[in-house]
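What follows is one structure encoded as structure tokens, with my remarks underneath.
Below, read A as the first sequence line, B as the second, and so on, with proteins coming before strands; counting in each chain starts at 1.
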Amino acid sequence: MSLVTDIKALAKEALGNLYPDVEIPGSSVTVNQTKPEFTGDYTLVLFPFLKLLRTKPDVIGKAIGEYMVNNSDWVASYDIVAGFLNLTIHDSYWASFVTSQYNNTTYGQGVPTDKTVMVEYSSPNTNKPLHFGHLRNIFLGYAMSGVLEVTGNKVVKANLINDRGIHICKSMVAWQRYANGATPESTGIKGDHLVGDYYVKYNDEFKKEVAQMVADGMEQETAEKEAPILKEAKVMLIDWEAGKEDVVELWKTMNGWVYAGFDVSYKRMGVNFDKMYYESDTYLLGKEVVQQGLEKGVFFKKEDGSIWIDLESEGLDQKIVQRADGTAVYITQDIGTAIKKYEECNLDKSVYVIGDEQNYHMQVLKLILQKFGHPCAEGIYHLSYGMVELPTGKMKSREGTVVDADDMMDEMIAIAKQQTEEAGKTEGFTEEELTTLYETIGLGALKFYLLRVDPKKKMIFDPKESIDLHGFTAAFIQYAHARICSILRKEGIEKMPKDNLFADFKLSEQISPAEKMLAVTLEQYPDIMQNAADEYNPSLLCNYTFQLAQQFNSFYDVHSISKAENDEKKQLRLMLIIMTAQVMRHAMGTMGINLPEKM
RNA sequence: GGCCCCGUAGUUCAAUGGAUAGAAUAGAAGUUUCCUAAACUUUAGAUCCAGGUUCGAUUCCUGGCGGGGCUACCA
């Protein structure tokens with residue numbers, strides 16, 4: 001139970017006892033951390049009670065303040081400033097909090113919920129390598145999985161691979177025409193990049209063919225439909241759906257190259273999946289559901305044979321769920337996949353990490369499943385995130401402004417190396433240790449950069465700013481962590497002592513402002529984690545951990561730990577920094593960001 | 001056209017309807033005989049406009065202006 005919860009409960013108790021005749025809604029009890037310019041730790045806002053109780057804030061504040069001091073052993077004193085009741089918590093509360101929790105390895109871990117949650121993320125196409133936009137999706141999905149797991153859920157990480165369709169055939173056609181049998185092995189090119197190269201090649205050739213046809217007198221529009229390479233791709237798609245052997249064989253081979261490439265990227269990113277779904281497997285499932293829905297009367301058939309659902313009563317349009325020729329559209333397979341996931345994994349919740357351009361699509365998906373009456377519908381949650389844009393605007397593959405994911409990782413690691421060398425911090429490391437360190441710093445920076453913004457908001461990716469290792473970055477937190485580890489090494493203390501080294505600790509002196517600030521922030525950690533889960537927002541953890549690191553740095557500046565004024569202070573400070581480092585590791589680790597012990 | 005989202009320091013981001021709107025970065029000025037200066041301290045700088053609700057509005061409502069997305073028998 002967190003302190004804020006306790007304060008709220010005590011305030012409600014006080015109001016109930018002091019004003020038994022008046023019903024005070026629980027939602028009107030708001031508690032905030034006290035602003036630094038006032039004395040106190042937490043503040044109860046009195047304004048909401050004034051009208052209900054028809055009394056002045058000073059009177060109510062005094063009554064509640066007195067009650068809280070007298071009826072708890074942790075409220076030390078109170079102070080009323082213009083409608084705000086500022087509460088000061090006893091130093092002994094903070095001391096016992098730190099003493100009891102500093103080496104608790106499960107601090108921040110929530111109670112089990114018995115819920116199973118699937119988080120689907122990454123969900124790439126198999127015709128080109130992962131790009132910077134995928135990185136936001138992947139890190140968000142992985143971090144969210146971690147947050148949900150820490151808060152007590154059983155989490156299934158899933159990846160739905162879009163491995164079929166015309167775009168895949170385009171790469172295949174171009175490869176057939178121009179590759180002369182080139183493979184990742186023969187060229188030394190990573191599989192996903194090799195296939196991506198032929199996707200680019202396809203588009204180049206398509207443009208050339210269209211230009212030629214226009215030059216020969218054809219209308220632009222007609223040419224774009226009649227280009228031979230496009231026709232080839234279309235034929236290939238039909239052959240694929242018909243199961244034509246050589247096409248299927250090529251499809252398998254090229255997808256295999258892509259998967260091998262993705263695996264390397266995922267491994268480097270430090271992410272993984274428990275379940276893989278392939279649209280080539282699931283697209284038929286949806287069609288069965290559509291048939292059932294037709295029988296149930298949820299869907300209806302138009303004269304041309306196409307099947308629709310009417311969502312006008314929900315303020316939306318009519319949506320097609322199956323084409324006139326009987327083939328599946330995008331949403332058809334999503335319907336099938338949603339049900340398959342639900343049934344295979346016994347899901348209570350299903351989180352989809354998908355960009356906000358698909359808000360409408362996801363709304364429709366959920367509505368269709370609700371109308372169909374399937375129990376999986378209620379648990380569907382679209383974790384919608386904004387697009388990543390460049391300072392110059394959107395990334396466009398046609399204009400070649402897409403930033404490749406592998407390149408980005410390389411660049412970040414190179415920057416980490418360069419900055420470490422420039423700072424002259426390479427001494428005392430082996431070559432392997434340095435390689436690991438650069439990865440930890442470079443990838444940490446990249447992940448943090450993408451996770452620190454509220455997922456719902458679109459974000460600007462500024463290459464110049466992203467490589468900065470100062471300020472609101474992972475490196476700042478990593479550095480603070482390394483400093484703590486360094487102190488503990490010199491003191492000969494493990495970073496997470498198994499035994500309670502400070503069992504005989506007794507507080508006799510006042511806690512300093514810097515010491516208290518750390519304790520207060522540490523105490524809030526479980527609440528922050530829960531908020532991140534409730535709001536599906538890992539950026540709260542980034543903000544929190546950065547604040548913790550800032551406070552540690554200030555603390556470190558004003559207080560010596562190894563040369564503390566006396567043994568009591570030294571023990572208190574050691575406990576504080578052990579716990580600070582632990583919470584940093586826990587929070588960052590939940591999001592897949594590692595913290596080095598030296599840097 | 002219809003529907004949805006977003007406008008906060010020069011820039012990138014914060015702020016369950018609560019106190020004098022916080023950080024980071026860029027700018028200015030400082031700190032190292034002492035546990036890692038990738039740090040710390042000080043300083044200057046912002047709520048798109050106009051109404052409304054409220055004791056109190058960056059937050060909620062209405063109307064503008066500006067930006068983005070969706071509105072396919074594409075995925």
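Between the side chain of A:Lys598 and the base of B:U36, no donor-acceptor pair under 3.5 Å is found. No hydrogens or angles were tested; on distance alone, a donor-acceptor pair under 3.5 Å links the side chain of A:Thr43 to the base of B:A19. In this model, no side-chain donor or acceptor of A:Asn543 finds a partner on the base of B:A24 within 3.5 Å.
Counting non-hydrogen atoms under 4.0 angstrom, A:Lys457 reaches the backbone sugars and phosphates but no base. Nucleic acid contact for A:Lys490: sugar-phosphate only, since backbone atoms but no base atoms lie under 4.0 Å from a heavy atom of the residue. Among the protein residues, A:Asp462 comes within range of no part of the nucleic acid, since none of its heavy atoms lies under 4.0 Å from any strand. Residue-level contact check: A:Asn531 touches neither bases nor backbone, having no heavy atom under 4.0 Å from any strand. A:Ile460 comes within contact range of the sugar-phosphate backbone alone, with a heavy-atom separation under 4.0 Å but no base atom that close.
Relative to the six-membered ring of A:Tyr556, A:Arg483 meets both conditions, a distance below 6.0 Å and an angle of at most 45° to the axis. Both tests do not hold together for A:Arg136 against A:Tyr385: distance to the six-membered ring centre under 6.0 Å, angle to the ring axis within 45°.
The six-membered or imidazole ring of A:Phe552 lies away from that of A:His481, with a centre-to-centre distance of 6.0 Å or more. Residues A:Phe84 and A:Phe47 place their aromatic rings such that the two centres sit under 6.0 Å apart. Ring pair A:Tyr536/A:Tyr381: centre-to-centre distance below 6.0 Å.
For A:Ser560, the side-chain atoms get nearest to B:C35 when compared with the rest of B:C35, B:G69, B:U36. Side chain of A:His470, nearest nucleotide from B:A39, B:G7, B:A75: B:A39. Closest to the A:Val45 side chain, of the nucleotides B:U12, B:C40, B:G18, is B:G18.
Stacking of the aromatic ring of A:Tyr556 onto the base of B:A39 is not found under the criterion of centres within 5.5 Å and planes under 30°. Where stacking is scored as ring centres under 5.5 Å apart with planes under 30°, A:Phe472 does not register as stacked on the base of B:A23. B:G56 has no base stacking with the ring of A:Phe47 when judged by centroids under 5.5 angstrom apart and an interplanar angle below 30°.
We find that CZ of A:Arg483 is positioned 13 Å from C1' of B:C34, with the value rounded to whole Å. Rounded to whole Å, atom P of B:U11 lies 17 Å from atom CE of A:Met459. For the pair A:Met599 CE and B:A37 C1', the computed distance is 13 Å after rounding to whole Å.
Rounded to a whole angstrom, the distance from the C1' atom of B:G17 to that of B:A23 is 22 Å.
OP1 or OP2 of B:A38 lies within a sub-4.0 Å distance of a side-chain N or O belonging to A:Tyr479. Taking only side-chain nitrogens and oxygens, A:Lys51 comes nearer than 4.0 Å to OP1 or OP2 of B:C55. The shortest distance between the side-chain N/O atoms of A:Arg54 and the OP1/OP2 oxygens of B:C55 is not below 4.0 Å. Of the side-chain N and O atoms in A:Lys563, none sit less than 4.0 angstrom from OP1 or OP2 of B:C35.
Taking the six-membered ring where the residue is Trp, A:His131 and A:His134 present tilted rings, their angle falling between 30° and 60°. Note on ring orientation: taking the six-membered ring where Trp is involved, the planes of A:Phe472 and A:Phe448 are perpendicular (angle over 60°, cut-offs 30° and 60°).
Secondary-structure annotation of RNA chain B gives the stems B:1-7 with B:65-71, B:10-13 with B:22-25, B:27-31 with B:39-43, B:48-52 with B:60-64, with a stem taken as at least 3 successive Watson-Crick or G-U pairs whose two distances both fall under 3.5 Å.
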